[in-house]
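One structure below.
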Amino acid sequence: MAKKIAILGSTGSIGRNALEVISALEPAFEVVAMSAHHRVDLFCEQIEAVRPPVAAMTDPQAAQACRKRLGNCGCEILAGPDSLVEIASLDEVDIVVCAVVGAAGLPAALAAAQAGKTLAIANKEPLVIAGELLTRTARQHGATILPVDSEHSAVFQSMQSGCSAEVDKVILTASGGPFRNKTAEQMRRATIREALKHPTWTMGPKITVDSASMMNKALEVIEAVWLFGLPVDKIDVLIHPESVVHSMVEFVDGSVIAQLGTPDMKLPIQYALTYPKRVRGVCDRLRLDRLGKLTFEPPDLGKFRALTLGFEAARSGGSAPVVFNAANEVAVEAFLAGRIPFGAIVDSIEQCLEAHTNQSHLLSLEELMATDAWARQYTAQHLSASFKTVIQK
Ligand code: MG
């Protein structure tokens with residue numbers, strides 16, 4: 001019997017890669033539902049190619065345009081943000097690939113956990129914002145959370161060499177992004193084009209900017225805390241510009257087990273789908289003989305303040321990671337719109353964290369979303385008061 005998959009966020013970078021992986025794994029896997037936000041053209045193309053019985057668009061107008069375009073094609077198109085929850089909890093779905101950008105994927109991820117699905121989680125925000133709630137819900141309902149983020153997939157694969165009590169350290173690798181060799185001042189003044197020029201990975205704009213500030217790694221530290229049930233002090237970050245060693249685990253005996261591969265998201269996506277098995281797929285092979293050498297260096301915490309703030313937010317726990325993430329989402333959007341300089345992203349996160357009073361009890365979805373909304377509003381107001389004109393195109 002084919003494993004039945006729902007892809008949340010099929011038009012994004014992860015979603016497109018997931019469709020490619022799955023089409024190579026047919027007939028063992030079958031996409032039975034997928035969702036997108038508002039990219040009508042691409043989503044219609046995907047529906048025509050995949051022919052799932054049900055699809056969802058979170059933007060109602062886009063859903064309407066999609067229905068009109070596809071006519072009577074045998075695919076029911078649901079509309080609105082709640083439609084994500086609906087397809088994540090469909091009876092026939094075995095695996096939910098969660099690749100929605102940002103906090104918007106949280107209710108659907110929770111719904112999938114409540115429905116006892118296997119949740120292949122590619123976007124880090126649900127774990128960053130609601131790590132405790134999501135992992136607890138998964139345990140209560142027998143759902144499995146499998147990482148798709150390349151670093152966490154690497155950690156997860158390395159963990160197969162021992163048990164969690166034998167783990168001394170998880171070492172998350174980071175490329176260092178486009179500003180690794182720039183000064184703090186050059187980084188502060190970086191343009192959109194410079195921030196979007198990632199040296200090794202091809203990803204969506206939000207995560208590429210997050211990689212440039214190392215906010216992405218900060219979010220990944222928090223993600224690792226929840227995915228692997230580790231105290232934050234057991235997590236280290238190491239700069240590795242070649243992006244070949246995707247992360248490693250150091251065990252109590254001193255053995256370090258790493259996972260290596262080409263920088264291609266198709267491999268971690270495939271592993272989450274086929275786990276605990278491995279199969280031939282569509283990924284390129286790693287040629288270490290051509291690479292010659294792999295290099296490592298410690299991160300510059302003075303320059304990449306997002307990383308320091310991320311470790312602090314992880315240590316504080318409670319609502320701090322929610323604020324940390326929400327402020328960043330708003331600031332990155334403003335940066336990508338040319339409204340604020342690159343350096344203002346981290347400044348505004350720090351400011352928002354300072355203005356926030358941490359709540360340390362287990363927060364409900366409603367409380368999490370209220371904190372998220374507060375941080376977004378605070379940051380938006382702070383940014384529009386500080387930056388009144390468009391500074392770059
Ligand atoms: Mg990653």
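Start at 1 and go down the list; that is how both ligands and their atoms are numbered.
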- Task: With the Mg ion (ligand 1) as the reference point, give the N/O/S atom of Asp149 that is nearest.
- Result: OD1
- Specify the closest pair of heavy atoms between His240 and Val245, including all atoms of both residues, with the distance to one decimal. NE2-N, 3.0 Å
- Task: Considering non-hydrogen atoms only, spot the tightest contact between Met34 and Phe43 and give its length.
- Result: O-CZ, 3.5 Å
- Item | Asp300 side chain to Gly302 backbone, donor-acceptor under 3.5 Å | yes
- Name of the residue among Val221, Asp149, Leu238 meeting side-chain contact (heavy atoms from CB on, under 4.5 Å) with Leu172: Val221
- For Glu151, what is the atom name of its N, O or S atom nearest to the Mg ion (ligand 1)? OE1
- Task: Measure from the Mg ion (ligand 1) to every N/O/S atom of Glu220 and report the name of the nearest one.
- Result: OE2
